[in-house]
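The figures that follow rest on heavy atoms only: side chains count, while hydrogens, waters and symmetry mates do not. Each ligand, and each atom within it, is numbered from 1 in the order the structure gives.
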Amino acid sequence: MSDTPIHLDDLRQRIDQLDGDILRLISERANCAQQVAHVKLAQDKDAVFYRPEREAQVLRRIMALNKGPLDSEEMARLFREIMSACLALEQPVKVAYLGPEGTFTQQAALKHFGESAVSLPMAAIDEVFREVEAGAVNYGVVPVENSTEGVVNHTLDTFMDSSIKICGEVVLRIHHHLLISETTRQDKVSRIYSHPQSFGQCRKWLDAHYPHAERVPVSSNAEAAKLVKTEWHSAAIAGDMAAKLYGLERIADKIEDRPDNSTRFLIIGNQDIPMSGEDKTSIVVAMRNQPGALHDLLEPFHRHKIDLTRIETRPSRTGVWNYVFFIDFKGHRDEPQVAAVLEEVRLRASELRVLGSYPQGVL
Ligand SMILES: O=C(O)C(=O)C[C@]1(C(=O)O)C=C[C@@H](O)C=C1
């Protein structure tokens, strides 16, 4: 360290200079993105502007290049927003999510697409699927599994009746808080509203701190936050977005039982996504009802050394789908190894649908 004193004014002058440079470079980048849009349109009048595989590559590269002092996730988040704004210049992306406003699903949508995306709340998971299928929005965001509470069955079931594709995934750390409004008598809380999954994730904390409060399940955490506004003896369990949206006070922070509590969301769309280099594939398979069916199904994955990341069984809802398995694994359907496994599985199964190959979540 040199002994020369550092002056605040000098540092601020340097920051002003750097901000000027950053501004110029971001504008140059935005100009490039506009030119990309022209090139895409010249190639195809129905060009798709959002390219998840490219976005994943950009973010991964930034994280690899980063030398600090900002941590790589923080840096990638900044670039996430720059890309989101650049994409909005090409064409604003419209995203439906499981609402209402203030849900974790909205937070996941913004984390994945950035703040420049237009996000639209839907009342139910099926509605998100329908809006995407109808082309009313470009993409949808739905929850699929939570590390504490397990799978969101409704999302998996909806895939069985739909031709929608999976275009991406995003994992969100879920922090729950106990929230009250300005009219709540904090010492008189006798009722707590939340989504059933959130009650499940905060069970031990509630047993220890509010064993006698009535737990009232509602359709979303945001709905819970809204209800608290009108009742002086009630509290809600919800996340930061809902707390901010309804102006509630946090009286207990991060009350989830497991500190690593997280939820995985899927990005759904009508598009096949090219390889990004680090991808996942999701399939749904129906097997004939016979002994050894599951072994037959999994054996090719084992032989080709393909890494399974999840397997779920759902009851079949038609005669054809005796056993239905939802399987996620590492790799892209265009990789020869993966293509070979899919071919083998197709021969053994009574039905196979590839729901999508997509970049593994980066942020
Ligand atoms: O490379 C592209 O295809 C672009 O449109 C540029 C860009 C970017 O800003 O880097 C913007 C949007 C896409 O989703 C991916 C990347």
Side-chain angles (χ1 to χ4, degrees), residues 19 21-66 70 72-97 105-120 128 131-132 135-142 164-172 265-282 332-334 355-363:
D19 284 349
D21 292 346
I22 296 170
L23 175 71
R24 186 178 44 75
L25 290 170
I26 293 177
S27 303
E28 218 173 287
R29 191 188 192 286
N31 267 320
C32 259
Q34 277 180 316
Q35 287 173 43
V36 168
H38 290 308
V39 173
K40 284 179 186 166
L41 273 175
Q43 285 170 352
D44 176 2
K45 69 173 174 42
D46 300 318
V48 180
F49 294 95
Y50 172 62
R51 299 292 169 88
E53 76 289 0
R54 172 67 184 153
E55 295 208 350
Q57 286 163 349
V58 170
L59 296 178
R60 283 179 202 140
R61 181 171 171 273
I62 290 299
M63 290 173 89
L65 283 176
N66 181 46
L70 290 182
S72 295
E73 270 207 24
E74 195 59 56
M75 193 57 104
R77 266 197 291 276
L78 293 173
F79 275 81
R80 160 65 293 154
E81 287 307 327
I82 293 174
M83 257 197 301
S84 178
C86 287
L87 177 62
L89 271 183
E90 295 187 39
Q91 184 195 55
V93 69
K94 257 196 198 167
V95 183
Y97 65 91
T105 316
Q106 184 182 24
Q107 209 176 316
L110 294 176
K111 181 177 177 190
H112 189 79
F113 289 97
E115 298 277 340
S116 301
V118 179
S119 60
L120 305 161
V128 177
E131 288 291 291
V132 177
V137 294
N138 305 103
Y139 303 95
V141 183
V142 288
I164 235 64
K165 293 168 184 166
I166 302 178
C167 302
E169 64 170 5
V170 54
V171 178
L172 197 68
F265 298 83
L266 294 176
I267 313 302
I268 55 172
N270 295 304
Q271 195 182 338
D272 282 320
I273 312 299
M275 269 192 265
S276 76
E278 277 174 62
D279 301 282
K280 259 191 195 169
T281 298
S282 297
H332 191 283
R333 68 197 295 184
D334 292 344
L355 299 176
S357 288
Y358 48 89
Q360 281 180 47
V362 180
L363 285 176

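At the top of the distance list for atom 6 (C) of ligand 1, counting protein heavy atoms only, stands Glu90 OE2, 3.6 Å. Regarding atom 3 (O) of ligand 1, its nearest protein heavy-atom neighbour is Lys40 NZ, 2.7 Å. Looking from atom 10 (O) of ligand 1 to the surrounding protein, the closest heavy atom is Arg29 NH2, 2.9 Å. Taking atom 1 (O) of ligand 1 as the reference point, the nearest protein heavy-atom neighbour is Arg54 CG, 3.5 Å.
Summarising the geometry, atom CG belonging to Leu41 is positioned 8.5 Å from atom CD belonging to Gln91; distances are rounded to the nearest 0.5 Å.
Side chain to side chain, Asp279 and Ser357 fail the donor-acceptor criterion of an N or O pair below 3.5 Å.
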Exercise. Quick one: do Gln271 and Lys165 satisfy side chain to side chain contact (heavy atoms under 4.5 Å, CB included)? Show the steps, please.
Key: CA-CA 7 Å; Gln271 195 182 338; Lys165 293 168 184 166; 5.9 Å; no
Quiz prompt | Test log, rule salt bridge (Lys or Arg N to Asp or Glu O under 4.0 Å), inputs Arg51 and Glu55 | solution = CA-CA 6 Å; Arg51 299 292 169 88; Glu55 295 208 350; over 6 Å; no
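Residue-ligand proximity, Cys86 to ligand 1, at heavy-atom distances under 4.0 Å covers atoms 9 (O). Distances below 4.0 Å separate heavy atoms of Val36 from the following atoms of ligand 1: 2 (C), 3 (O), 4 (C), 5 (O). For ligand 1, the atoms closer than 4.0 angstrom to any heavy atom of Tyr50 are 14 (O). Listed by atom number, the atoms of ligand 1 under 4.0 Å from Leu87 heavy atoms are 12 (C).
Atom CZ of Phe79 has 12 or fewer heavy atoms from other residues, nucleotides or ligands within 6.0 Å. More than 12 heavy-atom neighbours from other residues, nucleotides or ligands sit within 6.0 angstrom of NZ on Lys40.
Looking at ligand 1, you'll find an N or O of Glu55 within less than 3.5 Å of one of its N or O atoms.
The ring of Tyr139 has its center closer than 6.0 angstrom to the ring center of Phe113.
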